[in-house]
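Heads up, the thing below is written out as structure tokens.
Both ligands and their constituent atoms are indexed starting at 1 by order of listing.
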Amino acid sequence: MSDSNTFTTNRRKFVQMAGLGLAASGATALASTAKAHAAVPKPPVVEGSFAGATITPDLVVADPTVLPAPVTWNSPRTHNIELVSKRVVSEILPGVTHSFMTFNGQVPAPMIRARQGDTLNITVTNPAENEASHSIDLHAVYGTGGGGAFTEVAPGESKSFSFKALFPGAFIYHCGVSNMDEHISRGMFGMIVIEPEEGLPEVDREFYLGQHELYTKEGFGQPGEATFSGRDMAAENPTYVMFNGAVAPFVASRFGTMKAEVGETVRVFLVSGGPNKTSSFHPVGNIWSRAWPQGGLANAPLQYIQTWPVSPGSAFVGDMKLPVPGLVTLVDHALSRVTAKGNAAQIEVIGDEQPEILDTGK
Ligand SMILES: [Cu+2]
């Protein structure tokens with residue numbers, strides 16, 4: 001089989017699996033709304049300023065519903081954040097693995113959430129069994145390398161530093177060693193949210209996603225281990241463009257959709273790891289009714305934005321109203337990354353049809 005045939009076959013399989021064809025997504029939407037709909041349980045509220053979890057213990061795929069609860073305190077606090085570098089062999093697709101580099105075993109790394117004026121004590125630990133050095137650069141920090149200059153840890157080392165969060169926003173944090181582009185591509189990035197003193201508008205649910213691209217010597221979907229390709233990274237020609245370290249992770253046929261109810265307002269936090277590609281972040285079938293471009297939480301949100309470019313090394317916070325049932329597919333609207341490189345995640349909106357808003361003709 002020639003390379004181009006392999007590519008076409010893999011691409012067709014992926015699009016079918018993700019339910020992303022037009023007919024397929026319509027059918028899925030119908031099925032989801034036709035079934036009896038029990039209330040969608042709210043994910044557990046995680047107290048504290050640092051939280052994450054994976055879908056299953058053997059995967060790096062971060063559970064998008066596990067993130068720290070919104071800030072409720074109104075005087076400065078101190079937070080202790082512990083980050084441990086871990087190598088994890090995780091499936092990108094069934095039968096295709098990659099040896100990811102992570103903070104705390106997940107992609108994206110756990111969300112850190114604090115309030116403007118708080119103090120954060122950051123500890124980075126590199127277990128002795130690792131081979132590479134790591135560090136952390138947080139874009140919420142004033143100082144050389146955002147922490148990268150004083151947190152580089154060789155295997156067996158642990159280092160700590162403290163900083164005061166003087167400005168609000170949603171920021172990336174990432175490994176900052178000399179070949180950081182490779183380490184980020186392979187999973188070492190997450191989000192730190194510093195809420196403004198007055199907090200953020202309340203919403204019904206929050207979801208946390210990280211987009212990054214992976215460069216491999218093997219083609220898309222080739223079974224076995226997908227090994228890292230520095231050459232393709234330098235050429236900025238990714239094999240996979242993913243959310244949370246897997247191809248189309250949050251669709252019915254993989255780990256399940258993210259779920260919400262008709263009438264709710266939900267917030268999506270997206271951290272764009274890159275290392276090189278900008279995410280043209282768009283909710284198919286919805287609109288960002290409030291959007292904080294590049295994570296600029298100090299500013300008034302923009303309203304009714306369709307697609308926002310989220311640069312590598314940046315973040316986005318967007319709210320959506322959910323007035324009708326069906327599927328909202330979150331994508332990078334550079335659409336070949338969806339049809340051929342694995343980029344998609346879906347929110348399933350469950351509830352009664354609202355024919356005065358949308359009459360689907362059925
Ligand atoms: Cu690293």
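- Considering only residues two or more places apart in sequence or on other chains, D332 meets the salt bridge (charged side-chain N to carboxylate O under 4.0 Å, His left out) condition with R337.
- For residues 317-327, the side chain to side chain donor-acceptor pair (under 3.5 Å) pairs, not counting sequence neighbours, are R267-D319, R290-D319, Y304-K321.
- A donor-acceptor contact under 3.5 angstrom links the side chains of T257 and E348, judged on distance only.
- Among heteroatoms of the N, O or S kind in H134, ND1 lies nearest the Cu ion (ligand 1).
- Sorting the N, O or S atoms of H183 by how far they are from the Cu ion (ligand 1) puts ND1 first.
- The Cu ion (ligand 1) is the vertex of the angle joining SG of C175 and SD of M188, which measures 110° to the nearest 10°.
- Remark: of the listed residues F163, F189, F103, F103 is the sole one forming a ring pair (Phe, Tyr, Trp, His ring centres under 6.0 Å) with Y173.
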